[in-house]
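In what follows, a single structure is set out as C-alpha cells and then discussed.
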Amino acid sequence: MSEATDTRTPDTRPTGGLSAQYQPGEVEQRRYEQWVSAGYFTADPASDKPPFSIVIPPPNVTGSMHVGHALEHTIMDTLSRFKRMQGFEVLWLPGMDHAGIATQNVVERQLAAQQLSRHDLGREAFVEKVWQWKAESGGAITGQMRRLGDSVDWSRERFTMDEGLSKAVQTIFKRLYDDGLIYRAERIINWCPRCLTALSDIEVEHTDDDGELVSIRYGDGADAIVVATTRAETMLGDTAVAVHPDDERYQHLIGTEVELPLTGRRIPIVADEHVDPAFGTGAVKVTPAHDPNDFEIGRRHNLPSMTIMDERAVVTVPGPFEGLDRYEARPAIVAALREQGRIVAEKRPYQHSVGHCSRCKTTVEPRLSLQWFVNTGPLAKAAGDAVRDGRVSIEPPELAKRYFAWVDNMHDWCISRQLWWGHRIPVWYGPAGEVVCVGPDEEPPSGEGWRQDEDVLDTWFSSGLWPFSTMGWPQQTETLAKFYPTSVLVTGYDILFFWVARMMMFGLYAMDGVQPFDVVALHGLVRDAHGKKMSKSFGNAVDPLDWIERYGADATRFTLARGANPGSDVPISEEWCQGSRNFCNKLWNATRFALMNGATVEGELPASAELSSVDKWILSRLQHVIAEVGEQLATYEFAKACDTLYHFAWDDVCDWYVELSKPVLATDGAEAARSRRVLGHVLDQLLRLLHPVIPFVTEELWTVLTGAESVVVAAWPVADAARIDDVAEEELAALQKVVTEVRRFRSDQGLRPGQRVSAALTGLGNVGIDVHEPLIRALARLDAPSAEFAATATLAVTGGITVDLDTRGTIDVAAERARLDKDRAAAEKEAAQCRAKLDNDAFIGKAPEQVVAKIKDRLATAEADLARIAAALKALPSA
RNA sequence: GGGCGCGUAGCUCAGUGGGAGAGCACUCGCCUUACAAGCGAGGGGUCGUAGGUUCGAAACCUACCGCGCCCA
C-alpha cells in the first residue's frame, strides 16, 4: 500500500489493535509457542473424551521439509485441529525414521572428506559417529513443522532407533522367526554396487533406458544357436541356453549341449515354458546368478549358478576380463566375440527397462546372495482381507485397487541390508553351525566362536511397526489402549506399497488382528501450475519455508489444502499462494471492520423474530456452511471445504453482509445492537470453521474478537436447523439481483461509481423486499426520484421488479440497446429450450412431475422477461 | 506387454441423468472511511472424437484418438 497517495483522514474507530494489513511474521512464532506451552497438543490417555489419533509418516532424519510434506502435514493438522475442536482427545504423534542408507551415506561422505571410510573407524565408532551427526544436524524438519503450525504432541516424539522402538523391532523379529515367517536363504536379490547392500523390490526404480541388443552365436555349424542379450558381459556366467518347448526351430537341439564362447565350457540347451519364442531368436542365454528370471529357470532345471562379479560389479572370472567393471567388460567381451565372428546382429540404441537404486540411482545388479526374508504370504493375505472386509477403508476407494494389486501379488521381502546404521539382525551363529534368534529380554549366547549376524534390517521393517511401536508396544501402555488403532493414516498414494502395506501386515500380526488404522486417506503429489512434477533439476520446486517466510504459514497451508482433492495431485503456484495470502488479509480486514463497528459475542444471539432479513439470511447461510464444511472435512474433501469457506467468507460475508449491514451499523438503536451481535457471531463461527486450515490468523482474530483464550480449544460450530430461513434466502437473492442489475446498467452506461442516479423502484413487494428499498438504494447508489423525475431508462428485473432511472438527459442508447439485445437473446434461448421440452409428448409423459413443473416455471419467467425487455427496447429513443 | 486413471473456459480444476461452474489470467470502470493484498461490471466453452442407451447425456455404455501413472 502506498502511504504517500493515501489522502484519506485516518479512521479513529477502535480496531482492537489490528493494523491495516495482516503481518503473519509478527504472529506465527509467538502463537505457536503459546499453544505448545499451554499443552493444547498434549494427548491425555486418561481423558474421557473419545480418541482420535494419527501417527505422522516419519520423515527421514536427514531430510528437510519439502512441499509434499507441507501438504501432508497441512492435511493431518487440519484433521487434528478439526477433531480437537469437536471434542476428541487428539493424539498426533510425531517422529522420524533412521533412513539406513541415506543417513549412512551422509556420514560416510563426511568421513570421505577426511579421506576416511567407515571401515577405518570400525562399526562401533561409526555408529557412534552417526548418533553424533543426528544430535548435531539431524531432524531439521522438526523445526520446520513448528513453522507450519503442526499441532503434534512433541512430548511423544519418537525415532525408529530409540530404545523402545528397537525393542519392538527385536520382539517382532523374534516372533516372526519363531513362526517361520522370517527365513534366511540364498536368493537373487537387487544389489546396489555403490551402496553395497541388498535392496527390496520396491527400492528399485525402473526406467526405460538406451542400451544395446546384441545377438551372439553360441556353438558352430548345425548345432549353432543365436541368443540375444542386453547384457553381453554376463555370458561368462551362462550355464544354459533356453528355448520354448514348443518352438519348432529348436526341437532338435533341446537336450543337447553347446560350447559357450570365450570359456570353452559346454552348457545344456533346455526347454522352458517361460521363454518368449517371439523375442529375438526365441533362444535366451541363462545366467542364474545375475538375472532373476534366469535364476528361476535355473531352479527349474537344476542348473548351476556362477557368480562372475564381486559386490562392486567387477568381473572376477580369471582371464582377460578379470578386474573390469560391468560397463568395461561389456564392450571388451563384445569385441572379443566379434573377433571370433560370433556377433550376428547389434542394435543400438535399444530401449529396455533398467532398475536403479532408488537412493543413489546406480543401476541395480541382480546378485545371488544369502539374505533374510519375510515370508509375506499369510501376512499379505491378512493385509488384503482387512481392506476387503471393510475394517480398513481406503480413501478415495478407487485407489484400493492399487493396494490389492500390490498385496495380492507380493513377493517375499528381502529385509537384510549390508549396512551398519540400523537395527542389527538379532541372530547369533555358533561355532558348530548353530543359529539362535534372540528375543529382547534374552541374553545372546556368548563364548568362543559365537558371532552376531552382521546385517541390519530394512528401515521399512521398523517403520512398519510405527503405529504401535511409537505408543510403547510391546508394553501394554495406556496410550496404546486409548489410541490404537489409529483413526486415520494420511499419506501419498505413491507410498501405498512401501509403507501402508507393511504397517498393515505387521499391525495385524502383532496386534492380534487389530488393524493399525481405520482409514487410509490418500493424497496426491504436489505439482506446479502446469501439472508438472516438481523437481530440483527442472527448477520448478517450491520451498515451503520460502512461502511461509514471504506469505505466511496460513497462506501456504490454504494453497495446499485448497488443491487437495482426495487421491488427486495438487497443483500449486506462487500466484495462488498470493491469493491465499489475500484471503487471510480479507479476513483480517473484515474482523477489523467488525471491531470498528462494535461487533460483539456478548449475550444471547437475538431470536430470529427480532432480526432483519439480512441478519436472518447470513445466519441461514452460516448454518448451511457449518453443515457442509463439517461433512467435507469428515470425508477428506479439503479442497471443497476450503472452497465453501472461501466463498462464504468473501462473497456472502464480506461482499454482501458487511455492505448491507453498514447502514444499520452506522445507527445506534436496538436494531444496530442486534446486528452487532449477529456480525460478531458470524465472524466467531467463521473463524472457528477456518481455524483447522489457517490456524494462525484465525487465532489472532478470534482472540481479539471474543476475548477468549484460544480458538484451538474452542468448540466446533454446530449447525442450528432452526436458523435456516428459506424466505430470507429468497429475499436476499432477489435483492442481490436488483442491485446487480442496476450496477450492470451503470457500468454499461459508463456512469462513475460515485455518481448518484435518481430512480423509481416498483414491484419490490412482489418478492417481499419492499422494506429493503433503502438498502438497495444504498448499494446501487440510487437517489429517490426528485420532483422533475423523468425516466430515461427502464430495467426489467426478473420477478416483476422494475427500476426506472433518470440519468439526467444523457443516455448511451447504443449501449443500452446492446444490453437489452443481449438479455433478449438469453431469454429467447431459454424460452425456446423450455418450449422444445414442453412440446415433446415423451417428455411430458415420462419426466418426473417436478421437472416438468420446473420447466413450465422457467418458461413463464422467460416470457415475462421477454415482454419487459421488448417494452424497454420500444421505449428507447431511436438512434 | 499388463493394469489403473484422466481429456470441461487461456491455465489449473470442480461438476456424475433435468438451467455449463470456480480460482487465477484477461477486458472496462473506480482510492468508495474494513481491505488497491481492494471494489464494481464484463468477455470467454461444438464438455477429446464417433456411435449407442434415455423423454433428456458433460455425466451411463462401446469404440477410437491423445495424455499421465503404476507394475513387468
Side-chain angles (χ1 to χ4, degrees), chain A residues 1-2 5-13 15 18 20-22 201-202 206 276 278-279 292-293 353 355 398-399 401-402 405-406 409 493-494 496-497 524-525 527-531 533 551 555 559 562-563 565 567-573 575-576 578-597 637 639-640 642-643 646-647 650-651 654-655 658-659 662 666 739-740 742-755 779-781 819 822 829-830 833-834 836-837 840-848 850-852 854-855 857-858 861-862:
Chain A
M1 167 168 165
S2 167
T5 58
D6 190 351
T7 54
R8 291 170 295 187
T9 48
D11 200 312
T12 53
R13 285 177 286 176
T15 59
L18 300 187
Q21 283 187 338
Y22 174 50
D201 293 347
I202 54 175
H206 292 268
D276 176 9
F279 176 79
N293 294 322
S353 180
E398 304 92 83
L399 286 171
K401 285 178 211 158
R402 244 163 126 148
W406 175 252
N409 298 291
Y493 60 69
D494 56 323
L496 206 49
F497 314 139
L525 269 42
R527 295 175 177 273
D528 74 9
H530 297 284
K533 206 167 167 171
Y551 302 112
T559 305
R562 202 182 185 188
N565 288 301
S568 303
D569 289 345
V570 180
I572 59 167
S573 82
E575 279 180 343
W576 305 345
Q578 283 168 5
S580 301
R581 186 263 322 256
N582 296 355
F583 177 59
C584 293
N585 192 50
K586 189 74 181 172
L587 292 170
W588 181 269
N589 274 290
T591 307
R592 192 163 163 262
F593 169 84
L595 294 169
M596 290 164 80
N597 287 277
E637 295 276 7
K640 289 191 174 73
C642 288
D643 211 48
Y646 183 91
H647 284 111
W650 206 308
D651 301 348
C654 292
D655 286 350
V658 164
E659 293 304 323
K662 278 178 179 174
V739 171
T740 303
V742 175
R743 284 173 174 170
R744 184 160 80 104
F745 170 83
R746 296 178 60 112
S747 183
D748 286 347
Q749 285 293 314
L751 298 173
R752 297 173 64 83
Q755 187 177 337
L779 265 62
R781 291 172 188 267
R819 197 174 70 84
K822 205 184 131 198
K829 190 180 168 194
E830 170 80 353
Q833 278 177 352
C834 293
K837 288 195 183 209
N840 183 346
D841 290 342
F843 174 76
I844 300 290
K846 294 193 180 179
Q850 67 270 27
V851 173
V852 176
K854 198 174 164 188
I855 298 293
D857 203 47
R858 279 170 53 190
T861 302

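Lettering of chains follows the sequences in order, A, B, ..., and the numbering in each one begins at 1.
For A:Ser747, whose side chain is taken as the heavy atoms from C-beta onward, the closest listed nucleotide among B:rG19, B:rC39, B:rA41 is B:rA41. When distances are taken from the side chain of A:Arg581 to each of B:rA37, B:rC39, B:rU32, the shortest belongs to B:rA37. With B:rG23, B:rA34, B:rA41 as the choices, the nucleotide that has an atom nearest any side-chain atom of A:Arg562 turns out to be B:rG23. Side-chain proximity of A:Trp576 to B:rA41, B:rC24, B:rA34: nearest is B:rC24. Between B:rG42, B:rC55, B:rG19, one nucleotide has an atom nearer to the side chain of A:Ala842 than all others, and that is B:rC55. Residue A:Asp655 places its side chain closer to B:rC39 than to any other of B:rC30, B:rC39, B:rA72. Comparing B:rA72, B:rG15, B:rA22 by their nearest atom to the side chain of A:Lys640 picks out B:rG15. Among the nucleotides B:rA14, B:rA34, B:rC39, the one closest to any side-chain atom of A:Ala590 is B:rA34.
One finds no side-chain N or O of A:Arg402 lying less than 4.0 angstrom from the OP1 or OP2 phosphate oxygen of B:rC4. The side chain of A:Lys401 places an N or O atom within less than 4.0 Å of a non-bridging phosphate oxygen (OP1 or OP2) of B:rG5.
B:rG40 atom P lies 7 Å from atom CD of A:Glu659, rounded to whole Å. For the pair A:Leu595 CG and B:rC35 C1', the interatomic distance rounds to 14 Å; values are reported in whole Å. In this entry the distance linking NZ of A:Lys846 with P of B:rU54 reads 8 Å, nearest Å. At whole-Å resolution of the value, NE2 in A:His530 and C1' in B:rC11 are 6 Å apart. Look at CD on A:Gln749: it is 15 Å from C1' on B:rG42, rounded to the nearest Å. In this entry the distance linking CD of A:Gln755 with C1' of B:rU32 reads 14 Å, nearest Å.
Nucleotides of RNA chain B nearest to A:Asp651 and A:Lys533 differ in position, and the one nearer the 5' end is that of A:Asp651. Of the residues near RNA chain B, A:His206 and A:Arg744, the one whose nearest nucleotide (by heavy atom distance) lies more toward the 5' end is A:Arg744.
Nucleotide B:rC39 forms a pair with B:rG29, judged by Watson-Crick or G-U wobble geometry with both contacts under 3.5 Å. Using Watson-Crick or G-U wobble geometry with both donor-acceptor distances under 3.5 Å, B:rG23 finds its partner in B:rC11. When Watson-Crick and G-U wobble pairs are counted only if both distances are under 3.5 Å, B:rA34 pairs with no nucleotide at all. The base-pairing partner of B:rU46, taking Watson-Crick or G-U wobble contacts with both distances under 3.5 Å, does not exist among the strands shown. With a cut-off of 3.5 Å on both Watson-Crick or G-U wobble distances, the partner of B:rC67 is given as B:rG5. Across all strands shown, B:rU53 forms no Watson-Crick or G-U wobble pair with both distances under 3.5 Å. With a cut-off of 3.5 Å on both pairing distances, B:rU16 has no Watson-Crick or G-U wobble partner at all.
Taking the six-membered ring for Trp and thresholds of 30 and 60 degrees, A:Phe583 and A:Trp650 have nearly parallel ring planes, at less than 30 degrees apart.
Under 4.0 Å is where a charged nitrogen must lie from a carboxylate oxygen, and between A:Glu398 and A:Lys401 no such pair does.
Across all strands shown, A:Asn585 has heavy atoms under 4.0 Å from base atoms, whether or not it also approaches the sugar-phosphate.
The same atom, P, is picked in B:rA14 and in B:rC6; the two are 10 Å apart, to the nearest Å. When the P atom is compared between B:rA41 and B:rC4, the two are found 48 Å apart, to the nearest whole Å.
You won't find any donor-acceptor pair under 3.5 Å spanning the side chain of A:Glu398 and the base of B:rG5, going by distance alone.
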